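First up is the structure itself, then whatever we jot down about it.
Heavy-atom basis, side chains included; hydrogens, waters and symmetry copies ignored. Not measured: the values here are computed from a predicted model. First the proteins, then the strands, lettered A, B, ... as listed; each starts at 1.
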There are 2 protein chains.
Amino acid sequence: MQERSAFLPAYYRLAEDLRAKIERGEFKPGDMIPSTAQLARQYGVSPMTVRQGLALLAKDGYIKTVQGKGSFITVPPIDTLVLRFVDNSLLGEDRNIKVKLLNLNIVAADSGVAEKLGVEIGAKIIKIKRVLSGDEGPIAVDSRFLPYLKGVPLLEKEIAYAAFPEVVARHTDVFLAKSSLEISACALSPEEAELLEVPAGSPGLLLEQIIYSNNNRAIGWSKMICRGDRLVLRATSHPR
Amino acid sequence: MQERSAFLPAYYRLAEDLRAKIERGEFKPGDMIPSTAQLARQYGVSPMTVRQGLALLAKDGYIKTVQGKGSFITVPPIDTLVLRFVDNSLLGEDRNIKVKLLNLNIVAADSGVAEKLGVEIGAKIIKIKRVLSGDEGPIAVDSRFLPYLKGVPLLEKEIAYAAFPEVVARHTDVFLAKSSLEISACALSPEEAELLEVPAGSPGLLLEQIIYSNNNRAIGWSKMICRGDRLVLRATSHPR
DNA sequence: CAGTGGTCTAGACCACCCT
DNA sequence: GGGTGGTCTAGACCACTGG
């Protein structure tokens with residue numbers, strides 16, 4: 001029977017109870033927890049409710065359930081980190097980012113761009129170059145490349161000032177499926193250094209973002225070079 | 001009634017069906033999808049089964065369900081990226097990482113370490129310094145700091161060569177709850193540059209990892225400085 | 001084979017939102 | 001009040017695992 005004595009749902013209380021046991025060390029990684037049927041009897045709830053509770057623990061990385069065998073304590077996935085990267089408001093901080101458009105034009109794809117976007121060399125590409133600044137001065141210089149689709153109007157203001165995924169979405173009108181980001185360090189070229197107001201050769205953070213459509217074609221490429229002293233990326237493990 | 005005609009579970013087929021509709025553009029972001037009761041009738045399944053399907057879509061970021069209102073199409077969370085960071089095998093690549101231990105000793109916490117680990121200035125701290133190399137040569141130099149707990153033996157080999165979360169786990173025997181990683185660029189100091197066999201001032205990637213216990217106390221701090229030309233971090237959005 | 005998780009039902013009642 | 005999602009039942013049957 002259902003016990004509405006507490007304010008929280010039964011499956012939630014069950015999950016909390018098991019979680020506490022795990023954190024107290026009553027279960028060790030690799031241990032099998034009692035079967036769903038046992039837990040159902042133990043907590044006086046139906047099997048479905050037990051499953052709901054276990055699903056919660058599994059989602060948070062405390063256990064792994066294996067069909068036909070049981071549910072097992074796992075070590076927390078502490079080396080899987082989540083990074084939020086929004087290129088305009090760099091990192092969701094309430095930084096006041098100013099954007100300066102350097103140029104926006106249509107160019108022929110060179111071999112580098114062609115490879116990244118999976119188009120022919122010489123294909124028409126929209127190229128956008130911008131400088132992002134905070135209150136302290138310039139932070140990053142950023143180049144974006146999008147395949148040019150005829151018939152799609154170029155709304156200069158929007159395309160230049162919106163965040164990259166938004167730009168891609170607006171421009172191509174396809175379903176965005178995923179993106180990838182590569183992070184590395186580089187020395188700033190003289191041109192980049194001048195734009196960022198530091199000596200040439202200063203350390204910079206290089207962020208390359210590629211956006212893919214649901215049919216796995218690259219539909220946008222962004223290359224962002226940041227002043228090393230003004231940008232820190234922060235990632236945390238499974239923030240629930 | 002249950003239709004076992006297909007090989008896949010009903011909730012899964014329902015989710016796939018809705019996902020296809022979303023990707024085909026039949027639903028647009030912000031749109032409300034039919035209510036669970038409607039879907040139950042439509043697909044000839046029970047409400048619980050519909051819920052299970054919707055939970056799947058919600059987990060993958062296609063919809064968001066709101067109690068009392070309905071389920072709504074969301075834009076895919078393309079700017080939430082997942083980064084796997086395992087410090088020993090840098091990035092899960094099958095790189096063959098060699099580890100050289102420079103020193104391992106117990107020091108008094110200076111103000112920087114004390115702040116990071118939340119201990120008193122002067123508290124005993126285990127400090128480990130290492131160089132990580134690949135086949136091409138040195139990649140990173142890395143310093144780790146752990147609060148010293150009396151009675152816990154220092155197993156030099158393990159503590160020096162294991163990945164950081166493992167070291168923390170083995171050393172402290174507490175439940176690890178979460179970790180954070182800060183990524184930035186810096187110029188290499190003369191000492192770091194020498195260890196990494198590059199000129200002083202070369203660009204480097206600075207990775208600072210802090211590991212927290214379940215009671216939210218910092219129990220490990222790792223500071224890793226990488227040659228910019230030999231390390232690229234890769235993150236992808238919801239890798240399913 | 002027995003034991004495990006995985007799916008599913010056909011309802012019921014609750015909590016919430018909006019009008 | 002009428003619609004929505006959220007929780008829950010008390011079973012049933014299926015699929016998988018391992019002895």
Side-chain angles (χ1 to χ4, degrees), chain A residues 1-19 21-22 27-74 240, chain B residues 1-19 21-22 27-74 240:
Chain A
M1 273 304 141
Q2 185 177 348
E3 269 293 343
R4 269 273 177 235
S5 54
F7 287 75
L8 296 168
Y11 77 92
Y12 189 83
R13 279 180 288 145
L14 184 147
E16 282 301 307
D17 204 65
L18 287 177
R19 192 208 313 277
K21 280 192 168 64
I22 294 169
F27 293 119
K28 290 286 184 192
D31 285 0
M32 182 176 153
I33 63 175
S35 75
T36 50
Q38 279 174 46
L39 289 171
R41 282 197 300 276
Q42 209 173 110
Y43 287 85
V45 297
S46 106
M48 266 302 271
T49 305
V50 172
R51 264 189 60 72
Q52 213 173 339
L54 296 189
L56 208 60
L57 291 176
K59 194 188 59 146
D60 293 352
Y62 287 93
I63 63 170
K64 189 145 96 179
T65 68
V66 184
Q67 173 157 170
K69 296 176 79 172
S71 301
F72 302 88
I73 309 293
T74 51
R240 209 133 309 241
Chain B
M1 274 302 140
Q2 186 177 344
E3 269 292 342
R4 269 273 177 233
S5 53
F7 286 76
L8 297 168
Y11 78 92
Y12 190 82
R13 281 180 286 145
L14 183 147
E16 282 301 306
D17 204 65
L18 288 176
R19 194 208 310 277
K21 280 193 168 63
I22 294 168
F27 293 119
K28 291 285 183 190
D31 284 1
M32 181 175 153
I33 65 176
S35 75
T36 50
Q38 279 174 47
L39 288 170
R41 283 195 301 277
Q42 211 175 109
Y43 286 85
V45 297
S46 108
M48 265 302 270
T49 304
V50 172
R51 266 190 59 73
Q52 212 173 338
L54 295 188
L56 208 60
L57 291 176
K59 195 185 58 142
D60 292 355
Y62 286 93
I63 63 171
K64 188 146 97 179
T65 68
V66 184
Q67 173 156 173
K69 296 176 78 173
S71 300
F72 303 87
I73 309 293
T74 50
R240 193 143 304 278

Taking NZ, NE, NH1 and NH2 as the nitrogens, is one of them in R19(B) or E16(B) under 4.0 Å from a carboxylate oxygen of the other?
yes
List the residues meeting salt bridge (charged side-chain N to carboxylate O under 4.0 Å, His left out) with K21(B), not counting sequence neighbours, and say none if there are none.
D17(B)
Rounded distance (Å) that lies between atom C1' of dC18(C) and atom CZ of F72(B):
12 Å
I want to confirm an ordering. Mapping V66(A) and T49(A) to their closest nucleotides on DNA chain D, which one lands closer to the 5' end?
T49(A)
In whole Å, what is the span from the CD atom of Q67(A) to the P atom of dC16(D)?
6 Å
CZ of R41(A) versus C1' of dT4(C): gap in Å, rounded?
13 Å
Whole-Å distance between dA2(C) C1' and Q38(A) CD?
14 Å
Would one find a side-chain N or O of S46(B) under 4.0 angstrom from OP1 or OP2 of dA10(C)?
no
Given atom CD of Q52(A) and atom P of dC8(C), what is their separation to the nearest angstrom?
15 Å
Applying side-chain contact (heavy atoms from CB on, under 4.5 Å) between S71(B) and each of L57(B), I33(B), L39(B), L18(B), report the one that passes.
I33(B)
Has F72(B) got more than 12 heavy atoms of other residues, nucleotides or ligands less than 6.0 Å from its CZ?
yes
Any idea which of dG5(C), dG5(D), dT9(D) is nearest the T65(A) side chain?
dG5(C)
Rounded interatomic separation in angstrom, taking CG from L8(B) and C1' from dC14(D):
14 Å
So, does R51(A) get its side chain near the phosphate of dT7(C), meaning an N or O under 4.0 Å from OP1 or OP2?
yes
Reported CG-to-CD1 distance for the pair L56(A) and I63(A), which is rounded to 0.5 angstrom:
9.5 Å
From the options dT4(C), dT9(C), dG5(C), select the nucleotide whose nearest atom is closest to the side chain of V45(B).
dT9(C)
Closest listed nucleotide, where the reference is the side chain of P47(B) and the choices are dC8(C), dG5(C), dA10(C):
dA10(C)
What is the distance, rounded to the nearest whole Å, between atom OH of Y11(A) and atom P of dC8(D)?
7 Å
dG5(D), dT17(D), dC8(C): which one has an atom nearest the side-chain heavy atoms of P9(B)?
dC8(C)
Rounded to whole Å, the CE-C1' distance (M48(A) to dC8(C)) equals 8 Å
Hey, does the side chain of K69(A) come within less than 4.0 Å of dC16(D)'s phosphate (OP1/OP2), counting only N and O?
no
